[in-house]
Amino acid sequence: MYILGIESSCDESAASVLKASGQKTEILSNVISSQIDIHAQYGGVIPEIAAREHVLNILPTIETALKQAKIQAKDLKAIAVTQGPGLLSSLIAGVETAKSLSIIWNRPLIPVHHIIGHIYANFISTEKQAKFPLLALVVSGGHSNIIYMSDHYKFKIIGETKDDAAGEAYDKAAKMMGLSYPGGPIIAKYADEFRFSGKTCNIELPRPMLNSPDFNFSFSGLKTALLYKLQKDKKWKERISEYCFAFEEAVIDTLSHKIIKAARKYPVKSILLAGGVAANHALRAKLMTEISEKLPETKLYLPNLSYTTDNAAMIASAGYFNYYKNKNKAFADFKKLSARCDLKMS
Ligand code: KG4
Ligand code: ZN
């Protein structure tokens, strides 16, 4: 069967066609119309501009996705769409488009929670599917969560951020250092420069909530600690790669420590990494080493890089696995479906 995925929760209008049978999935197209260049000049996403861009781009993106997949609307089984959370005006563009297409094409809608979408990026086209129970570490611009899954579409949040999300901390730290939006890739680039220089880092930053008894995160204090260090150092610009390295190490140490701690309390067969920050090479490498050393029985799954930051392939995948597990209960009545910026996971 074919599922069309639509994503518009932030600054990417995206559409994708997924072909699926049983637990096997294949992405036939994954089209992303990014607005990053437009928002970069303001140092962050401007919701009003994002919504207008979605309205312009969403239909051509969907048309291209169908064309690249070489299928027609009549071949689709269903339309999966991000219902929330995210920027309300951005979400509305995707949800209302999906509802209109659902009426015109007479195809059912599957609403998808954005974080669940990120998790299901790990179930795309993999030969060996992750086994349950599993823990997902979701680190994006809007969320940092540790989620326990006993089976497909059975979720329990066991850890979350108390303030800034990991990606948000990257973006804010980058802004403080005069670097462009989004901050993650540029900080990662500077950090790598220092990492591979062989120099010793002389900047110490805190690992927030490392020893707290729960599985929650807090990245706001780390950001402030970085700000104080920068304010005290008149020559910080000359050491920018060292600052980026110190910041990145603090983030990835914390994430790796918490997921391992969670897996000791909740023994699982698999650990999945998901969200935009999952594109970070140092985090991927750290988790590979730490999990194989400390949890040799647990298999780590890292999403393909093209499915880490926002995309619609992950939304189609999540929509499909909801249908796979729950059959027609996955479908929503289009008359009752609306975008929800504060959508909860269950
Ligand atoms: O999942 P995503 O595309 O959007 C949300 O759902 O929020 O994540 C975007 C976030 C941004 O904060 C961006 O700075 C971060 O992911 N990011 C990275 C990297 N690439 C993107 N963070 C660290 N290292 C990267 N390579
Ligand atoms: Zn996202």
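This is a predicted model, so every value here is computed, not measured. Counting convention: from 1, in listed order, for ligands and their atoms alike.
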Could you establish whether Pro185 and ligand 1 come within less than 4.0 Å of each other, counting only heavy atoms on the residue side? yes
Polar side chain donor-acceptor pair, His114 to Asp310, under 3.5 angstrom: yes
Identify whether NZ of Lys or CZ of Arg in Lys299 sits under 6.0 Å from the centre of the six-membered ring of Tyr301 and within 45° of that ring's axis. yes
Counting non-hydrogen protein atoms only, what is the nearest one to atom 9 (C) of ligand 1? Give residue, atom name and distance. Gly141 N, 3.7 Å
For His118, state whether at least one heavy atom is located under 4.0 Å from any atom of ligand 1. yes
For the rings on His257 and Phe217, is their centre-to-centre separation under 6.0 Å? no
Ring center gap for Tyr307 and His118 short of 6.0 angstrom: no
Charged N to carboxylate O under 4.0 angstrom, Asp151 versus Lys154? no
Do Lys172 and Glu168 sit within salt-bridge range, that is, some charged N less than 4.0 Å from a carboxylate O? yes
Shortest protein contact, atom 24 (N) of ligand 1 (heavy atom only): Asn280 ND2, 3.0 Å
To check your reading of the model: name the closest protein heavy atom to atom 6 (O) of ligand 1, its residue, and the distance in Å. His114 NE2, 3.1 Å
Ser140 neighbourhood, listing ligand 1 atoms whose heavy-atom distance to it stays under 4.0 Å: 1 (O), 5 (C), 6 (O), 7 (O), 8 (O)
Ligand-side contact atoms (ligand 1) for residue partner Gly142, heavy atom cut-off under 4.0 Å: 7 (O)
With Lys223 as the cation and Phe219 as the aromatic partner, state whether NZ or CZ is under 6.0 Å from the six-membered ring centre and within 45° of the axis. no
Of the backbone and side-chain N, O or S atoms of His143, does one lie nearer to the Zn ion (ligand 2) than 2.8 Å? no
Return a yes/no value for Gly184: is any of its N or O atoms, backbone included, closer than 3.5 angstrom to an N or O of ligand 1? yes
Specify whether an N/O/S atom of Cys10 falls short of 2.8 Å from the Zn ion (ligand 2). no
I want to know if ligand 1 touches Gly276 in the polar sense, i.e. an N/O pair below 3.5 angstrom. yes
Answer yes or no: does an N/O atom from Asp171 fall short of 3.5 Å to an N/O atom of ligand 1? yes
Do the charged groups of Lys258 and Asp214 touch, with an N to O distance under 4.0 Å? yes
Tell me yes or no: between the side chains of Asp163 and Ser218, is some donor less than 3.5 Å from an acceptor? yes
Name of whichever N/O/S atom of Asp310 is nearest to the Zn ion (ligand 2): OD1
So, regarding Tyr170 and ligand 1 (criterion: nitrogen or oxygen to nitrogen or oxygen, under 3.5 Å), is there a contact or not? no
Identify, for atom 2 (P) of ligand 1, the protein heavy atom at the shortest distance, and state residue, atom and that distance. Asp310 OD1, 3.3 Å
Within 45° of the six-membered ring axis of Phe196 and under 6.0 Å from that ring's centre, is NZ or CZ of Lys199 located there? no
